[in-house]
Amino acid sequence: MPDPLAQRSIALGVTGSIACYKAVDLASKLTQAGALVDVIMTREACQFLTPLTFRSITHRPVVTDVFDPQSELSIDHVAIAERADALIVAPATAHTIAKLALGLADDALTTTALATQAPLIIAPAMDAHMFDNAATQQNASTLKSRGCVIAGPAEGRLASGLVGKGRLLEVPQLLGCLRQTLGRGGDLAGRKVVVSAGGTQEPIDPVRVIANHSSGKMGFAIAEAARDRGADVTLVTAPTALDSPFGVNVVKIATALEMRSALQNKCAHADALIMAAAVADWRPAAAADQKVKKGSSDTWDIELVKNPDIVAGISTECLIKVGFAAESEDLLANAQSKLLSKGLHLIAANDITAEHSGFGADTNKVILLDREGGEESLPLMSKYDVGHAILDRVAGYLS
Ligand code: PMT
């Protein structure tokens, strides 16, 4: 499955905020993803950066003025508006948000926003008090009520020195927002997909846990792929170092029992559950209340009890269930047996000894086994693409 941004025409509006340095990286990542990027800068944005900065990255003309005889817009003032698959304004200042809410068209960016029928994403960046101001809040709600996506802002330290809400979202979040917006109406639109990720942590005492090597990358990638096909996605995740994906409902848990209760709750009205999490099969029978001291003994016996099999225990009517089998030997036989014993529709047999596969890698190589007896060996691919291959099957079951 190609990146949803590949070959898409993305108009990137850049306004006069210091956060426009992030727009340079956004333009670069969009171009790397294969998008055709038309940058439109306001006069104020040109105080912070030059058009040449964006032109060097996108290899395309940058528009700053509708009346510039060199600009395509001086011949056809709605050219970018018509070819855009999405218009994202990042960063969007309070001033530009106000102009967009009023429907003004006094520069190339607002003219394009008014003329386009493509989805409009606004990523605010400003001082916290400007964002909190009733005027800005009302302008943002007006735009939202017209179908615009208001992406952010995030909380944190602002250029003024204030700490509050007003930071432009980070580039991966903005890319996620674009991919989700372009994927509306995909083959999972209207479907609820629940994904589990990461390795559960079973406490031994307040400082020690039984854990495993799962980074969460596989589950997060599936969640993003489902989001990009229009699904309403919930990601139940054990502790990871990964940032929450844009547009995905994230539920953070730590232990297998917490994961079970979150999944039971979220699967009640879901269409599909994809279990990429590495769930601990065992947990300490009782976690100590205080840190266990080294003492004089050279050994420490910890009694373990079995955790419930989460995916086997969830059987809501019509729920499509997909599991993974992380194996270091007898890959197919073990995966086949888990497919049956856990009542799954599909299982991804994952040889964790293979190179660039399994725990922590950005890529994975799996064999899909289905309950109809089918077997499909996929090549080494990104975890995002493995997610799409699994979701192709899920979409097939759901249709
Ligand atoms: O997170 P990454 O670093 O990206 O690594 C990805 C991965 C290797 C963790 C992933 O691709 C993977 O293989 N996940 C499943 C790991 C696992 O626990 O496999 P298993 O064979 O022990 O379990 C089989 C299935 O039953 C899994 O879907 C598992 O989520 C589920 N299970 C397991 C135990 C349990 N008590 N309840 C469960 O539901």
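Note that this is a predicted model, so its numbers are computed, not measured. Atoms within each ligand, like the ligands themselves, are counted from 1 in listed order.
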When only distance counts, is [X] in polar contact with ligand 1, meaning an N/O pair under 3.5 Å?
| X | value |
| --- | --- |
| Ala361 | no |
| Ala325 | no |
| Asn307 | no |
| Ala277 | yes |
| Val311 | yes |
| Gly360 | yes |
| Ser196 | no |
| Gly323 | no |
| Phe324 | yes |

Closest approach of any protein heavy atom to [atom], naming residue and atom:
| atom | value |
| --- | --- |
| atom 14 (N) of ligand 1 | Ala276 O, 2.9 Å |
| atom 37 (N) of ligand 1 | Ile310 N, 3.0 Å |
| atom 6 (C) of ligand 1 | Met218 CB, 3.6 Å |
| atom 19 (O) of ligand 1 | Ala326 N, 3.5 Å |
| atom 36 (N) of ligand 1 | Pro308 O, 2.9 Å |
| atom 13 (O) of ligand 1 | Asn350 OD1, 3.3 Å |
| atom 4 (O) of ligand 1 | Lys383 NZ, 2.7 Å |
| atom 21 (O) of ligand 1 | Lys338 NZ, 2.5 Å |

Ligand 1 contact on [X] by region, counting heavy-atom pairs under 4.0 Å:
| X | result |
| --- | --- |
| Val366 | neither |
| Ser215 | both |
| Asp281 | side chain |

Of all the atoms in ligand 1, which lie at a distance below 4.0 Å from a heavy atom belonging to [X]?
| X | value |
| --- | --- |
| Lys217 | 1 (O), 2 (P), 4 (O) |
| Lys342 | 24 (C), 25 (C), 26 (O), 31 (C), 32 (N), 33 (C) |
| Met275 | 27 (C), 28 (O), 30 (O), 39 (O) |

Task: Glu376 CD: over 12 foreign heavy atoms closer than 6.0 Å - done: yes
Q. Does NZ in Lys365 sit with more than 12 non-hydrogen atoms of other residues, nucleotides or ligands closer than 6.0 Å?
A. yes
Flag, side chain of [X] to backbone of [Y], donor-acceptor distance under 3.5 Å:
| X | Y | answer |
| --- | --- | --- |
| Asn334 | Asp330 | yes |
| Glu82 | Ala79 | no |
| Thr240 | Gly198 | no |
| Thr96 | Thr93 | no |
| Thr15 | Pro91 | yes |
| Gln173 | Ser244 | yes |

Would you please determine whether [X] falls within less than 4.0 Å of ligand 1 on a heavy-atom basis?
| X | value |
| --- | --- |
| Asn364 | yes |
| Gly216 | yes |
| Arg260 | no |

Ion pair [X]/[Y], N-O distance below 4.0 Å:
| X | Y | value |
| --- | --- | --- |
| Glu202 | Arg208 | no |
| Arg43 | Asp107 | no |
| Arg83 | Asp38 | yes |
| Asp232 | Arg227 | no |
| Asp106 | Lys99 | yes |

Separation between CG (Asn364) and NE2 (His356), nearest 0.5 Å, reads 12.0 Å
In this structure, CD1 of Ile314 is separated from CZ of Arg260 (nearest 0.5 Å) by 9.0 Å
